[in-house]
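Encoded as structure tokens, the structure appears first; notes follow it.
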Number of protein chains: 2
Amino acid sequence: MAERLYREIGENIKQEIAKSSLKIGDKLPTERVYAELFGVSRTLVREAFIMLEIEELIEVKKGSGSYLKNTLSLKTSNKVSDVGPFELLQARQEIESSIAACAAKVITKQDLQKLQDILDIESAELETVEKANSADRDFHLSIAQSTQNIVLLDTATRLWDMRDGNPMWKKLHARIQDTSYHDQWLEDHKKVLLQLRKRNPEGARQAMWQHLENVKQTLFKLSDTDAPDFDGYLFAQPHS
Amino acid sequence: MAERLYREIGENIKQEIAKSSLKIGDKLPTERVYAELFGVSRTLVREAFIMLEIEELIEVKKGSGSYLKNTLSLKTSNKVSDVGPFELLQARQEIESSIAACAAKVITKQDLQKLQDILDIESAELETVEKANSADRDFHLSIAQSTQNIVLLDTATRLWDMRDGNPMWKKLHARIQDTSYHDQWLEDHKKVLLQLRKRNPEGARQAMWQHLENVKQTLFKLSDTDAPDFDGYLFAQPHS
DNA sequence: ATCCAAATATTGGCATGCCAATTTAATATT
DNA sequence: AATATTAAATTGGCATGCCAATATTTGGAT
């Protein structure tokens, strides 16, 4: 695996911590103890400790010892980069439906007009996949922008852009362009906009929820026909 | 400051990278170069490199060198980092209440026990501000973790950590420790946990919403007594 | 017996030095 | 001259050893 050793040591230490019943604030075994336990030098353990410290799992105090600070990061490899499309969509469903509800409360006429313009583009200009994709993104992020909350916009943007980092998504996306689920989603978008026009928070939440539910279902069907490639990404099924 | 040296070295290296016009993929100066530059041992620089590697800023290759991987983390002040406490809390209210609702559907007994443990710590151990703050963070993020969705956990973590980058928050936070709003919030937390126990999504959503509403109101009052310092941060008032 | 101070032990901080992987330069081979 | 082979230099990997901060024990004074 050609991985740097301190990472392996760090992961091992995480597991040791998880196995033991250490509580937050408790003192960890010393570097020397782990060094002997794993049969490596203390330097390496120290580096692993630095890793855990950066991950805010422990706190290191000179002359005293190291202390458990946080039990969250224990689950190995919290890498967000290689998260599956379904897990990502699940998160987007939760967050974006809330954003839609929030937007419904404060959306301006200009924002509504902008969304309408985007819908017009989506209706007409289905030429290329990129165009459609870009319009789709515009629609979702414009709603986030309508909340007038930079943090919400930033969060939505971040979630959307996570797709691009994942190779699985491209496969799924390639299949989407063949069929015309765009029509379904266009209808979804219209429903969302309608609720936003009515300034109905719960209606907007529900409409956005349903939209992303439809997207999930569509992707699920697609992945079903291409099952082998998507092994390991199905664990994060919608749980409702 | 009493900060570990490798952190300081790491920050210095970040600045050096920022000053120089290195692009992604470019080779960094060697550990030995930095060691001589800063007048420390290579071990220390190596530790700083590990820090940057954990932060996904660089990639270290044995025998070859270290390479710039990501320039995003360099920006100490991302556009969102200097957002006001109220705008941030508003966003957290929207998102974390949804997360709570989501968690209520799938939370395990272990997760519930863990939350109870955290509450116990919050109840008893109000010694230092850091402890209380750490427990608070643990409570909120543990709920996010209970959703078993890494993206949601990542999002919640990101939102929480935005506080630390903002100087305004520290001022507010300094005032909070004086008074005992902790009791109020502890009660809020208990209510949230109760709804999670009942596995009542809408109850959990409401409880978390109310909790963050209370936090907002508290901060608003505090900032009111210290009005001049918070000019420019009040634009993002709760809009409901 | 209690308390305080000094001695001792423990623990992380850090520098030095040698090893292994890789890259680069030199040299041989065609 | 081009290419393959080999030697040298570069670079990160890691262990050892001593230093400094903290914690613990000891012993004497009251």
Side-chain angles (χ1 to χ4, degrees), chain A residues 1-14 16-17 20 22-70 73, chain B residues 1-14 16-17 20 22-70 73 125 127-128 130-131 134:
Chain A
M1 48 174 170
E3 201 177 41
R4 293 181 93 193
L5 234 190
Y6 79 84
R7 280 185 182 275
E8 190 180 335
I9 304 292
E11 293 299 332
N12 286 345
I13 293 177
K14 280 189 193 179
E16 288 294 325
I17 295 176
S20 77
L22 286 173
K23 301 289 182 186
I24 294 176
D26 285 355
K27 191 164 157 184
L28 270 69
T30 67
E31 294 178 352
R32 290 172 223 269
V33 170
Y34 280 121
E36 191 165 7
L37 178 62
F38 297 124
V40 296
S41 78
R42 195 165 67 84
T43 304
L44 218 32
V45 176
R46 176 179 159 86
E47 290 174 356
F49 271 36
I50 286 176
M51 163 179 158
L52 301 185
E53 193 178 37
I54 297 293
E55 291 175 352
E56 296 190 323
L57 193 92
I58 68 173
E59 189 174 1
V60 180
K61 288 182 178 176
K62 176 176 180 179
S64 171
S66 300
Y67 301 85
L68 195 58
K69 186 180 180 184
N70 200 314
S73 313
Chain B
M1 233 340 203
E3 202 178 40
R4 291 180 95 195
L5 233 191
Y6 79 85
R7 281 185 181 274
E8 188 179 336
I9 304 292
E11 292 300 329
N12 286 344
I13 293 177
K14 279 189 192 178
E16 288 294 324
I17 295 175
S20 77
L22 285 173
K23 304 290 182 185
I24 292 178
D26 284 357
K27 192 163 154 184
L28 270 70
T30 67
E31 295 179 350
R32 288 172 226 267
V33 170
Y34 280 122
E36 191 166 7
L37 179 61
F38 296 124
V40 295
S41 78
R42 194 165 69 85
T43 303
L44 219 33
V45 175
R46 177 179 158 84
E47 291 175 355
F49 270 38
I50 286 177
M51 162 179 158
L52 302 186
E53 193 178 37
I54 298 293
E55 292 175 353
E56 296 190 329
L57 195 90
I58 67 173
E59 191 173 0
V60 179
K61 288 182 179 177
K62 176 177 180 179
S64 172
S66 300
Y67 301 84
L68 195 58
K69 186 180 182 183
N70 194 326
S73 310
E125 204 169 344
E127 311 157 357
T128 70
E130 286 79 14
K131 291 259 186 182
S134 177

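What you see is a predicted model; the values in this text were computed from it and never measured. Every chain is numbered from 1 and lettered A, B, ... according to where its sequence line falls, protein lines coming before strand lines.
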Mind checking what makes side chain to side chain donor-acceptor pair (under 3.5 Å) contact with A:Ser20, not counting sequence neighbours? none
Give me the atom names and distance for the closest heavy-atom approach of A:Leu5 to A:Leu44. CD1-CD2, 3.6 Å
Closest non-hydrogen atoms of B:Ile58 and B:Leu28, given as atom of the first, atom of the second and distance, are CG2-CD2, 3.9 Å
Atom NZ in B:Lys14, atom CE in B:Met51: separation rounded to 0.5 Å? 4.5 Å
What's the separation between atom CZ in A:Phe49 and atom OG1 in A:Thr30, rounded to the nearest 0.5 Å? 7.5 Å
Side chain to side chain donor-acceptor pair (under 3.5 Å) pairs touching residues 33-49 of chain B, sequence neighbours excluded, are A:Arg46-B:Glu47, A:Glu47-B:Arg46, B:Glu31-B:Arg42
Span of DNA chain D in contact with chain B (heavy atoms, under 4.0 Å): D:dT11 to D:dC14
For DNA chain D, find the residues of residues 42-49 of chain B with a heavy-atom distance under 4.0 Å and give them by number; none if there aren't any. B:Arg42, B:Arg46
Is B:Leu37 close to B:Asn12 at the side-chain level, that is, under 4.5 Å between some pair of heavy atoms? no
Here the residues of residues 32-41 of chain B within 4.0 Å heavy-atom distance, strictly under, of DNA chain C are B:Val40, B:Ser41
Inter-end axis angle, the helix from C:dA1-D:dT30 to C:dT30-D:dA1, with every axis fitted to five base pairs (rounded, 10 degrees): 10°
Is it true that, when you exclude A:Glu16 itself, more than 12 heavy atoms of the residues, nucleotides or ligands shown sit nearer than 6.0 Å to its CD? yes
Could you tell me if the side chain of A:Val45 sits less than 4.5 Å from the side chain of A:Arg32, heavy atoms only? no
